[in-house]
Amino acid sequence: MKTKNKLTYVILILSLGALVYPFIWMMLTAFKPDSDLYVYPPLFLPRTWHFENFTRVFELIPFARYYMNNAFVTAIGVVCQVGISILAAYPLARLRFPLKNAIFTFVLLTMLMPFVVTMIPTFMIVAEFRWVDTYKGIIIPLLFNGFSIIFLRQFFLAIPKDLEDSAKLDGCSYLRILINVIIPNTKEGISTITLFAFLTWWRQYLWPLIVINSTKIRTLPIGLKYLLSDGGKEYNILMAASVMAIIPVIIVYMILEKQFIKSITFTGIKG
Amino acid sequence: MVMIDRLRTYKKEEVFFSYICVLPIIILAVTFVIVPLISVFWLGFTNWDMVTDGGNFIGLKNYKYLIGNEKFQKSIINTLFFAGVKIPLDLVLSLFIATLLDKKIRGRSFFRATFFLPVVIPMVAASIVWLWLYNPMITPLNQLLSFFHIKPSRWLYDPNLSMLCIIFFSLWKGLGYNIVIFLAGLQSIPDTYIEAARIDGASPNKIFFKITLPLLSPITYFVLLMGIIKSFNVFTQISVMTPEGGPLYSTGVSVFYIYQQAFQNYNMGRASAAAVILFFMILAFTLVQKYIGQKNIHYQ
C-alpha cells in the first residue's frame with residue numbers, strides 16, 4: 001500500500017515538472033542576452049542576467065496601449081455579456097410568455113455552432129455598419145453567448161418559488177423581483193459566469209484578428225501575434241513580452257484560485 | 001380548448017416584461033447569428049471577393065472546387081486527426097491523473113491548482129513560448145533526445161511531426177480543465193458504493209471499470225462533447241505557431257483554411273462554401289453523438 005502511494009507521488013511530481021517546465025524556460029530566456037540564445041548545448045541559466053529585454057518590448061511595440069485596449073474590451077465585453085444574459089435568463093427561467101420554448105431551444109442550439117460558420121457574413125454586416133477597426137466592431141458581434149444564458153437560467157430555476165411569491169404579494173414589479181430576489185440569491189452562479197466571460201474576453205483572438213486593422217486598437221493577443229510575425233524572431237524579447245502577458249493572469253489566478261476551480265466544477269457538473 | 005386556456009393564463013404585464021428582457025439577445029442573435037447563418041449559404045453560391053459588389057451567382061462551382069482541392073481535403077483530414085488523437089489522449093490522461101489525485105494524498109489542492117495553471121494563461125502567449133521550445137536549432141527537447149542517442153528532430157518544420165507537436169501543446173494547455181472536472185466527478189461518487197463492492201471481493205480494476213467509470217459517464221460525455229466542439233474550433237495555436245499552415249499544409253485545420261481563404265486570399269464565396277460544409281459535418285457529429293449518448297449514459 002505504502003509503495004503504491006509513493007508511485008502516485010512520483011508520477012504526479014514528474015508530470016507536474018513537465019507541466020511547469022515551459023514556464024521556467026520562458027522566464028529564463030526572458031533574461032538572456034542575444035549572445036546566450038543560440039549556443040549549443042542550450043544554456044539553462046543566462047550567463048548574465050539581462051533586464052533590457054523587457055524595456056525593448058516597450059520600444060518595439062506600444063505594449064502598454066495593447067494592455068489597456070485588452071482591459072477595455074474585456075471590461076465592456078464582460079459587463080454587457082453578463083448583463084444581457086441575466087436579463088434574458090430571468091424570463092426564460094421563471095416567467096410565462098409565448099415562444100419561450102422556441103427561444104430557449106434556439107439559444108441551446110447556438111452553443112453547438114462554431115463561430116467560424118457565421119464569421120464571414122458577420123464581417124460583411126460589421127463592414128456595412130462601418131464598424132471595422134472600431135471597438136464596437138470587436139465587442140458587439142460577440143456579446144450573444146448561449147452558454148452564459150443557459151447556465152444562468154439553470155441557476156435561476158433553482159430559486160424556491162416562495163421567495164418570488166412573497167415579493168409578489170408585497171407588490172414588487174418583475175424588475176424589482178429580478179433585482180431584489182433573483183440576483184442576490186444566485187450570486188455564486190453570476191460570479192461563475194463572470195469569471196468565464198473574463199477568461200473568454202481576455203483571450204479573444206480570431207474575431208479581433210479579422211476586425212482590427214490599425215495598431216491603435218490592437219488587443220494584447222493580436223499585438224503579441226504581430227510582434228512575432230513582424231519582429232525579427234528575437235526569442236528573448238518575445239519571451240519577455242510573454243512573461244508580461246502571462247504573469248498578471250497568474251497572479252489573478254492565484255488570488256481567485258478557489259473560485260476558478262469551483263466555477264469549472266459547477267459548469268462541468270451542471271452542464 | 002386546451003390551447004385557449006393556455007393563452008388565457010398569459011398575463012399581459014408578464015409577457016410585456018419578458019419581451020423587453022429578451023429583446024437585446026433577440027436583436028443580437030438575429031443580426032449576428034440568424035442573418036449570417038442564412039447568408040453564408042447564399043454566399044457559398046457566389047464568387048464574392050470583397051472588392052466587387054456582392055459577387056455573382058455561380059451555382060455549385062465553389063463546392064466542386066473544394067471537393068477536388070487538395071488543401072481543403074487536407075484541412076478536413078487535419079481537423080479530424082487533431083480531434084481523433086487529442087480527445088482520446090486527453091480523456092485517458094486527465095482521468096488517470098484525476099484518479100491519482102482522488103486518492104488520500106497530501107497537497108491535493110496544490111497539485112490540482114498547478115495542473116490547472118496552463119488553462120488560464122493566454123493562448124497566444126503560451127503558443128509563443130512553445131514555439132521557442134520547439135525551435136529546431138536550440139530546443140531543450142533535442143537535448144533530451146540526444147541524451148537518449150536519438151537524432152534531433154525538426155519538430156514543427158517536419159511535416160510528419162508538426163500536427164503532433166500542436167496536439168501535444170494543446171494537451172498541455174487543456175489537460176487541467178478535464179482533470180478538475182473528473183476529480184469533482186470522482187469525489188461525488190458515494191464511498192458506500194466502492195466499499196460495498198470491496199466487501200463483495202471485487203478487485204480495484206473491476207471496481208474502476210464496473211462502478212466508477214459507469215457512474216462517471218455523464219461527466220465523460222460532457223468532457224467528450226466539449227472536446228469535440230473545441231477541436232472543430234481550434235485555430236489560435238495553429239495561426240501563431242504555423243502561420244502558413246505548417247510544412248505541406250500539415251497543420252492547416254478547417255477554421256484555418258476558411259480564415260485563409262476569406263481574409264488572406266479574399267475568396268469570400270469559396271470560404272463560405274467551406275464554412276457550410278463544416279456546418280453540416282458538425283451537425284452530423286452532434287446527431288451521432290446524441291444517439292450514442294442516449295444509449296450509454298448511466299445516471300445515478
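Sequence lines set the chain letters: A, B, ... in the order given, protein chains first and strands last, and positions in each chain run from 1.
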**OP:** Can you tell which part of Val119(B) gets under 4.5 Å to a heavy atom of chain A, answering side chain, backbone, both or neither?
**Re:** backbone
Original post:
Given side chains that start at C-beta, do those of Tyr253(A) and Ile121(B) come closer than 4.5 Å, heavy atoms only?
Top reply: no
Original post:
In Å, rounded to the nearest 0.5 Å, how long is the span from CZ of Arg112(B) to CD1 of Ile264(A)?
Top reply: 11.0 Å
Original post:
Are more than 12 heavy atoms from other residues, nucleotides or ligands located less than 6.0 Å from atom NZ of Lys168(A)?
Top reply: yes
Subject >> Interface residue of largest heavy-atom contact number with chain A, from Phe279(B), Tyr19(B), Phe17(B), under 4.5 Å >> reply: Phe17(B)
Subject >> Option that, when pairs with chain B are counted at under 4.5 Å, heavy atom only, ranks first among Thr29(A), Val249(A), Val117(A), Leu19(A) >> reply: Leu19(A)
Original post:
Which distance, rounded to the nearest 0.5 Å, do you find between the CG of Leu112(A) and the CG of Leu287(B)?
Top reply: 9.5 Å
Subject >> From Gln204(A) atom CD to Met123(B) atom CE, the distance as rounded to the nearest 0.5 Å >> reply: 13.0 Å
Subject >> Leu12(A), part contacting chain B, at a heavy-atom distance under 4.5 Å >> reply: both
Subject >> Met113(A) side chain near Leu283(B) side chain, heavy-atom distance below 4.5 Å >> reply: no
Original post:
Is any side-chain heavy atom of Ser239(B) less than 4.5 Å from a side-chain heavy atom of Tyr205(A)?
Top reply: yes
**OP:** Just give me the residue among Pro118(B), Pro24(B), Ala262(B), Ala113(B) that pairs up with chain A most often, heavy atom to heavy atom, under 4.5 Å.
**Re:** Ala113(B)
Subject >> Region of Val252(A) in contact with chain B, defined by heavy-atom distances below 4.5 Å >> reply: neither
Original post:
Quick one: CG on Asn233(B) to CZ on Phe115(A), what's the gap to the nearest 0.5 Å?
Top reply: 10.0 Å
Original post:
So which part of Met254(A) gets closer than 4.5 Å to some heavy atom of chain B, the side chain, the backbone, both or neither?
Top reply: neither
Subject >> Between Thr122(A), Leu95(A), Ile11(A), the one whose heavy-atom pairs under 4.5 Å with chain B are most numerous >> reply: Leu95(A)
Subject >> Phe198(A), part contacting chain B, at a heavy-atom distance under 4.5 Å >> reply: neither
Subject >> Shortest non-hydrogen contact from Ile25(B) toward Ile84(A) >> reply: CG2-O, 4.0 Å
Original post:
Phe106(A) versus Ile34(B): any side-chain heavy-atom pair under 4.5 Å?
Top reply: yes
Subject >> chain A contacts, top residue of Thr236(B), Val180(B), Leu28(B), Val255(B) (heavy-atom pairs, under 4.5 Å) >> reply: Thr236(B)
Original post:
Ring centres of Phe263(B) and Phe123(A) under 6.0 Å apart?
Top reply: yes
Subject >> Non-hydrogen side-chain atoms of Lys225(A) and Ser127(B) separated by less than 4.5 Å >> reply: no
Original post:
Out of Ala245(A), Pro22(A), Ala241(A), which one racks up the most heavy-atom pairs below 4.5 Å with chain B?
Top reply: Pro22(A)
**OP:** Supply the atom-to-atom distance Ile120(A) CD1 to Ile258(B) CD1, rounded to the nearest 0.5 angstrom.
**Re:** 6.5 Å
Original post:
Hey, does the side chain of Arg203(A) reach the backbone of Val120(B) with a donor-acceptor pair shorter than 3.5 angstrom?
Top reply: yes
**OP:** Please lay out, stage by stage, how Glu14(B) and Tyr174(A) fare under the test side-chain contact (heavy atoms from CB on, under 4.5 Å).
**Re:** CA-CA 8 Å; Glu14(B) 190 172 342; Tyr174(A) 292 107; 3.4 Å; yes
Original post:
Hey, is the main chain of Pro122(B) close enough, under 3.5 Å, to the side chain of Trp202(A) for a donor-acceptor pair?
Top reply: no
Original post:
How about Ile181(B) and Thr265(A): do any of their side-chain heavy atoms sit closer than 4.5 Å?
Top reply: no
Original post:
What part of Thr286(B) gets closer than 4.5 Å to chain A, counting heavy atoms only: side chain, backbone, both or neither?
Top reply: side chain
Original post:
Given the options Val22(B), Leu133(B), Leu183(B), Ile229(B), which has more heavy-atom pairs under 4.5 Å with chain A than any of the others?
Top reply: Leu133(B)
Subject >> Which portion of Leu228(A) sits near chain B, non-hydrogen atoms under 4.5 angstrom >> reply: side chain
Subject >> Thr118(A) side chain reached by Val40(B) side chain, heavy atoms, under 4.5 Å >> reply: no
Subject >> Among Leu238(A), Leu175(A), Val126(A), Val243(A), residue most engaged with chain B (heavy-atom pairs, under 4.5 Å) >> reply: Leu175(A)
Original post:
Can you say whether Lys230(B) sits under 4.5 Å from chain A via the side chain, the backbone, both, or neither, judging by heavy atoms?
Top reply: neither
Subject >> Minimum side-chain heavy-atom gap Phe23(A)-Val129(B) below 4.5 Å >> reply: no
Original post:
So which part of Ile140(A) gets closer than 4.5 Å to some heavy atom of chain B, the side chain, the backbone, both or neither?
Top reply: both
Subject >> Nearest atoms (heavy-atom pairs only) where Ile128(B) meets Met239(A) >> reply: O-CE, 3.5 Å
Original post:
When the ring centroid of Phe144(A) is compared with that of Phe32(B), is the distance short of 6.0 Å?
Top reply: no
Subject >> Which portion of Leu224(A) sits near chain B, non-hydrogen atoms under 4.5 angstrom >> reply: both
**OP:** Side chain from CB out, backbone as N, CA, C, O: work out which of these in Leu199(A) comes under 4.5 Å of a heavy atom of chain B, or both, or neither.
**Re:** side chain
Original post:
About how many Å separate OG of Ser18(B) and CG of Leu92(A), when rounded to the nearest 0.5 Å?
Top reply: 8.5 Å
Subject >> Intermediate values then yes/no, side-chain contact (heavy atoms from CB on, under 4.5 Å), Phe115(B) and Ser15(A) >> reply: CA-CA 9 Å; Phe115(B) 276 120; Ser15(A) 38; 3.7 Å; yes
**OP:** With a 4.5 angstrom heavy-atom cut-off, could you sort out which part of Leu37(A) is near chain B: side chain, backbone, both or neither?
**Re:** both
**OP:** Would you please test Ile210(A) and Tyr259(B) for side-chain contact (heavy atoms from CB on, under 4.5 Å) and show each step?
**Re:** CA-CA 9 Å; Ile210(A) 294 165; Tyr259(B) 167 78; 4.0 Å; yes
Original post:
Under 3.5 Å, is there a donor-acceptor pair between the side chain of Tyr9(A) and the main chain of Arg106(B)?
Top reply: yes
**OP:** Specify which of Ile149(A), Leu209(A), Leu178(A) makes the most heavy-atom pairs with chain B at under 4.5 Å.
**Re:** Leu209(A)
Original post:
Near Gln264(B) CD, under 6.0 Å, is it more than 12 heavy atoms from other residues, nucleotides or ligands?
Top reply: yes
Subject >> Interface moiety of Phe41(B) toward chain A, non-hydrogen atoms closer than 4.5 Å >> reply: neither
Subject >> Most chain A-contacting option - heavy-atom pairs closer than 4.5 Å, from Phe96(B), Phe111(B), Phe232(B) >> reply: Phe111(B)
**OP:** For chain A, find which of Ile26(B), Val124(B), Asn178(B) contributes the most heavy-atom pairs closer than 4.5 angstrom.
**Re:** Val124(B)
**OP:** Output the option from Lys233(A), Met119(A), Lys258(A) having the highest count of non-hydrogen pairs under 4.5 Å with chain B.
**Re:** Met119(A)
Original post:
Does atom CZ of Phe285(B) have more than 12 heavy-atom neighbours from other groups under 6.0 Å away?
Top reply: no
Subject >> Part of Ala18(A) lying under 4.5 Å from any heavy atom of chain B >> reply: backbone
Original post:
Should the heavy atoms of other residues, nucleotides or ligands under 6.0 Å from OH of Tyr266(B) be counted, would the total exceed 12?
Top reply: no
